[in-house]
Every structure is written in C-alpha cells, then in structure tokens.
S.K.: 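First the structure, then my questions, so here it is.
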Amino acid sequence: TATVGLSVLLAYERYHIGESSQYYKYLVSLPQAFGTVQYWQEDELKTLIGSPLLSEAQSRARATQEDYKRLRGVLCSGDNAVMTEEEFSFEHFSWAVGNVFSRSLLLSIQDTGSMVPVLLPGFDEFELTIQNVSVVSLENDTVVITSFSGAKAGNAIFVNNGYKGNDGLL
C-alpha cells in the first residue's frame with residue numbers, strides 16, 4: 001500500500017541516507033516514539049478485552065509485523081541489498097509507520113482522483129477535522145488547500161483527513 005511504501009521511504013532516508021538526506025532535518029524533528037496500541041505487548045492489549053478495538057489493534061499489530069518480515073527479506077538480502085538489517089530494524093520501521101499514520105495527510109491527485117498519504121513539513125501542524133471543510137490536492141506540482149467554508153484572516157484552517165471513528169484514530 002501507499003502507507004507502507006511511504007514508511008519504507010522514511011526509514012530509508014532517515015537510517016540509510018542519514019545526514020546526507022535532503023529531508024534529514026525534517027526527519028529528526030518527527031516524534032521518535034509512539035504509544036499507539038499496534039505496538040502494545042500482549043499484556044497491554046488484554047486491557048482492551050471487551051472493546052471492539054481489541055481485534056483492530058491485534059490486526060494492525062500483525063499487519064505491521066508481517067509487512068516488516070516481508071520487506072526485510074526483500075530490502076536487506078542478496079548482493080543488491082537496499083539497506084542493512086540494522087538500518088531496517090523493526091524499531092525503525094515501526095517509527096516510520098507511526099509517523100505516517102499520525103502525521104500524513106491524504107492528498108488528492110488531480111489527474112487520477114486517487115488519494116495518497118503524504119508527509120509535508122509544516123502541514124502536520126494544521127488542525128484536523130472529520131468534517132468536509134477542505135481538500136488538499138496536487139495541481140501542477142503545487143500542493144493546494146481549498147477551504148469549502150471560506151477562510152478569514154486570523155481564523156484557524158482545518159484540514160479534512162477523512163472520517164475516522166475510534167478504529168481509524170487507533
């Protein structure tokens with residue numbers, strides 16, 4: 001998926017390219033740890049017994065582990081390895097996934113109408129809402145935020161990142 005691809009790119013830029021990356025200052029400014037349930041241990045997950053979030057949390061944890069194992073085999077093996085296993089550790093991949101899930105915006109690609117997650121420095125500071133008050137789109141290599149409710153000087157601008165219930169905010 002696009003989320004996994006963006007996560008791999010983050011890990012590659014941060015841990016393989018490192019200080020030589022043009023994105024390095026942005027990458028080191030991102031949160032280093034997340035307390036999201038997909039990274040909880042089994043004893044912590046047991047606190048969700050009886051909640052509909054338990055199966056979602058377990059599913060996401062399994063998906064992250066499976067993605068990592070599959071990608072590690074492709075990215076870290078053979079004569080043409082893209083990264084070392086140290087650079088592409090589960091901890092580094094989890095860091096990248098956490099940042100993509102918590103900091104990305106859904107960008108509408110004008111030509112195709114598809115929605116892709118993107119990380120744009122500074123955009124993660126916008127207030128998010130589930131209401132359909134704006135759209136973030138790519139038009140002729142320019143990121144455009146269009147407000148459906150109008151924007152007055154001094155007022156907050158809200159970015160709609162789609163409807164998310166508890167499972168989406170997980």
Side-chain angles (χ1 to χ4, degrees), residues 1-16 23 26-77 82-109 113-137 145 148-149 156-170:
T1 68
T3 299
V4 172
L6 184 55
S7 299
V8 170
L9 180 61
L10 275 184
Y12 178 81
E13 289 287 333
R14 173 70 173 93
Y15 299 105
H16 180 75
Y23 310 109
Y26 173 65
L27 295 173
V28 297
S29 76
L30 294 172
Q32 294 303 305
F34 298 91
T36 54
V37 294
Q38 73 189 74
Y39 305 111
W40 286 8
Q41 300 299 317
E42 279 301 315
D43 58 325
E44 294 171 301
L45 286 172
K46 288 179 183 176
T47 63
L48 294 176
I49 290 175
S51 166
L53 297 179
L54 177 60
S55 65
E56 181 69 26
Q58 291 171 323
S59 175
R60 292 224 181 156
R62 277 191 303 274
T64 301
Q65 284 282 351
E66 290 168 6
D67 286 341
Y68 171 72
K69 288 176 185 174
R70 182 177 43 84
L71 290 165
R72 184 186 66 202
V74 172
L75 298 172
C76 303
S77 62
V82 176
M83 289 185 267
T84 66
E85 287 192 16
E86 182 178 293
E87 292 167 341
F88 192 69
S89 66
F90 181 72
E91 179 181 279
H92 293 170
F93 180 64
S94 296
W95 166 83
V97 169
N99 274 292
V100 169
F101 274 118
S102 68
R103 310 281 252 192
S104 66
L105 298 171
L106 293 175
L107 181 71
S108 173
I109 306 299
S114 62
M115 303 288 282
V116 296
V118 295
L119 287 168
L120 299 169
F123 272 48
D124 53 358
E125 298 300 321
F126 280 89
E127 300 268 348
L128 296 179
T129 180
I130 61 170
Q131 298 172 356
N132 193 18
V133 296
S134 67
V135 66
V136 181
S137 60
I145 298 178
F148 299 139
S149 61
I157 296 176
F158 293 91
V159 174
N160 174 22
N161 207 18
Y163 175 77
K164 292 186 177 175
N166 286 342
D167 59 334
L169 295 170
L170 182 66

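One-based numbering along the sequence shown. Note that this is a predicted model, so its numbers are computed, not measured.
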S.K.: Do Leu75 and Tyr12 have side chains that get closer than 4.5 Å, going by heavy atoms?
M.R.: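 No, side chains not in contact.
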S.K.: For Thr84, check side chain to side chain contact (heavy atoms under 4.5 Å, CB included) against everything at least two apart and list the hits.
M.R.: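 Thr84 satisfies side chain to side chain contact (heavy atoms under 4.5 Å, CB included) with Glu86, Glu87 only.
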S.K.: Under a 4.0 Å threshold between the charged nitrogen and the carboxylate oxygen, would Arg70 count as salt-bridged to Asp67?
M.R.: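 A salt bridge links Asp67 with Arg70.
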S.K.: Do you know the tightest heavy-atom contact between Thr3 and Val100?
M.R.: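 Closest approach of Thr3 to Val100, heavy atoms only: CG2-CG1, 3.5 Å.
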S.K.: Could you check whether any side-chain heavy atom of Leu45 comes within less than 4.5 Å of a side-chain heavy atom of Gln58, counting everything from C-beta outward?
M.R.: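 Contact flag for Leu45/Gln58 side chains = yes.
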S.K.: Leu27 and Gln32: which non-hydrogen atoms are nearest, and at how many Å?
M.R.: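 Minimum heavy-atom contact is O-NE2, 4.1 Å.
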S.K.: Listed by chain and number, what are the side chain to side chain contact (heavy atoms under 4.5 Å, CB included) partners of Glu91, not counting sequence neighbours?
M.R.: Ser89
S.K.: Is the ring pair Phe93/Phe90 parallel, tilted or perpendicular, if the boundaries are 30 and 60 degrees?
M.R.: tilted
S.K.: Locate the shortest heavy-atom distance separating Ala11 from Ala96; write the atom from each residue and the value.
M.R.: N-CB, 4.1 Å
S.K.: Side chain to side chain contact (heavy atoms under 4.5 Å, CB included) between Tyr68 and Val97: does it pass, once the steps are laid out?
M.R.: CA-CA 10 Å; Tyr68 171 72; Val97 169; over 6 Å; no
S.K.: Any non-hydrogen side-chain atom of Leu10 less than 4.5 Å from a side-chain atom of His92?
M.R.: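 In short, these two side chains do not touch, never coming nearer than 4.5 Å.
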S.K.: Which atom names give the shortest non-hydrogen contact between His16 and Val82, and what distance separates them?
M.R.: CE1-O, 3.5 Å
S.K.: Can you measure from CZ (Arg60) to OG (Ser55) and round to the nearest 0.5 angstrom?
M.R.: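 Between atom CZ of Arg60 and atom OG of Ser55 there are 11.0 Å.
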S.K.: In Å, rounded to the nearest 0.5 Å, how long is the span from OH of Tyr23 to CG of Leu30?
M.R.: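 Tyr23 atom OH to Leu30 atom CG measures 13.0 Å (nearest 0.5 Å).
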S.K.: Please check: side-chain N/O of Ser59 versus main-chain N/O of Glu56, any donor-acceptor pairing under 3.5 Å?
M.R.: no
S.K.: Quick one: closest heavy-atom pair of Val4 and Leu71, and the distance?
M.R.: CG1-CD1, 3.5 Å
